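Keep in mind that this is a model prediction, so the values were computed, not measured.
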There are 2 protein chains.
Amino acid sequence: MTYEDRLFAALADPTRRAIFERVAGRRQSVAELARTMPVSQPAISQHLKVLKAARLVRDAPSGARRIYSIDPEGLGPLRAWLDRFWSEQLAAFKAAVETADDS
Amino acid sequence: MTYEDRLFAALADPTRRAIFERVAGRRQSVAELARTMPVSQPAISQHLKVLKAARLVRDAPSGARRIYSIDPEGLGPLRAWLDRFWSEQLAAFKAAVETADDS
DNA sequence: TATCTTCATAAGTCATGGCTTATTATAAGC
DNA sequence: GCTTATAATAAGCCATGACTTATGAAGATA
């Protein structure tokens with residue numbers, strides 16, 4: 001499984017994406033997430049494990065707690081992938097225009 | 001299932017993403033994709049159906065064939081989602097700096 | 001030390017989804 | 001018309017993954 005696979009797969013699940021969005025908004029502990037979300041604490045931990053493997057979040061111990069925060073680098077590859085297609089798409093569009101424009 | 005869900009879910013599968021990338025590179029028929037990919041024609045059709053539902057590709061009939069091409073609007077929501085987190089992340093970073101900088 | 005909290009992991013259940021082969025419909029070519 | 005090519009759908013199989021409850025480990029608190 002490539003790195004890119006892990007990234008896209010991590011973002012595919014709605015619950016996991018919601019967790020990511022919360023953590024992105026404000027760093028917080030597992031218990032805090034579990035308290036305000038409609039799934040159990042183990043489910044939260046499992047999702048965080050996936051997000052961490054995709055480098056979307058980081059974690060730091062704080063006593064018995066573990067504070068999760070967004071990983072600033074995590075979304076970089078996604079943006080790179082996206083940009084690749086935007087320029088590709090632009091090139092294709094340009095070529096199409098030039099072909100149609102049979103001057 | 002929301003629109004965003006469909007978008008992320010569509011991009012999650014590696015085979016489907018490969019199909020999308022090929023179609024983005026050059027518009028082509030189902031048979032053409034099936035010939036050059038390690039899955040069957042029905043599998044290709046099923047993937048294209050998902051990509052189409054996510055507005056990532058379009059299709060146009062051409063005789064007995066059906067030519068699939070990238071949908072220019074498709075990646076827009078993904079970029080919007082991404083940008084939302086980049087600015088959010090930037091704001092969080094800014095706030096952190098200002099807090100640390102207890103002038 | 002004993003208890004309580006926090007979190008990760010284990011184990012098991014169930015739905016989803018990606019794949020296959022088989023079939024059907026439509027269009028092209030003989 | 002008949003055959004061939006193209007592509008969508010149907011049905012079924014099987015792996016994956018998202019969830020649950022149960023448990024254990026590590027830190028805080030009395």
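Here the rule is salt bridge (charged side-chain N to carboxylate O under 4.0 Å, His left out) with A/E32, and of A/R26, A/R27, A/R65 only A/R26 fits it.
Here B/K49 reaches the OP1 or OP2 of D/dT9: one of its side-chain N or O atoms lies under 4.0 Å away. In this structure, B/Y68 does not reach the D/dT6 phosphate: none of its side-chain N or O atoms is under 4.0 Å from OP1 or OP2.
In this structure, CD of A/E32 is placed 17 Å from P of C/dT5, rounded to the nearest angstrom. Residue B/I67 contributes atom CD1, which lies 19 Å from atom P of C/dT26 at whole-angstrom precision. Protein atom CG of A/L33 is 12 Å distant from nucleotide atom C1' of C/dC7, rounded to whole Å. Across the protein-nucleic acid pair, B/R66 atom CZ and D/dT6 atom C1' stand 11 Å apart, rounded to whole Å. Distance, A/I44 CD1 to C/dA8 P: 11 Å, rounded to whole Å. Counting to the nearest Å, the P atom of D/dG17 and the CG atom of A/L51 are 14 Å from each other. Rounded to whole Å, the distance from CG on B/L48 to C1' on D/dT9 is 14 Å. The CE-C1' distance, from A/M37 to D/dT20, rounds to 16 Å in whole Å.
Under a cut-off of 6.0 angstrom, the local environment of CZ in A/R66 is crowded, with over 12 non-hydrogen atoms contributed by other residues, nucleotides or ligands. Within 6.0 Å of CZ on A/R6 lie more than 12 heavy atoms contributed by other residues, nucleotides or ligands.
Connection of A/L56 to A/V39 is established within a shared hydrophobic cluster, with ILVMFWY side chains joined at heavy-atom distances below 4.5 Å, either directly or through further cluster members. Hydrophobic clustering (ILVMFWY, side-chain heavy atoms < 4.5 Å, transitive): B/W81 and A/L82 are in one cluster.
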### Query
Is there a side chain to side chain contact (heavy atoms under 4.5 Å, CB included) between A/V30 and A/D59 once you walk through the steps?
CA-CA 10 Å; A/V30 178; A/D59 63 328; over 6 Å; no
For nucleotides 27-29 of chain C, tabulate all protein N/O to nucleotide N/O atom pairs closer than 3.5 Å, reporting atom names and distance.
none

Filtered N/O pairs between nucleotides 18-24 of chain C and protein, under 3.5 Å:
| from | atom 1 | to | atom 2 | distance (Å) |
| --- | --- | --- | --- | --- |
| C/dG18 | OP1 | B/R16 | NH2 | 3.4 |
| C/dG18 | OP2 | B/R16 | NH1 | 2.9 |
| C/dC19 | OP1 | B/T15 | OG1 | 3.2 |
| C/dC19 | OP2 | B/H47 | NE2 | 2.1 |
| C/dT20 | OP2 | B/S40 | N | 2.9 |
| C/dT20 | OP2 | B/S40 | OG | 2.7 |
| C/dT20 | O4 | B/Q46 | NE2 | 3.1 |

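B/E73 places no side-chain N or O within 3.5 Å of a backbone atom of B/R55 that could act as its donor or acceptor partner. A donor-acceptor contact shorter than 3.5 Å links the side chain of A/R22 to the backbone of A/T36.
Ring-plane geometry between B/F20 and A/F85 is classed as tilted, the angle between the planes lying from 30 to 60 degrees on a 0 to 90 degree scale.
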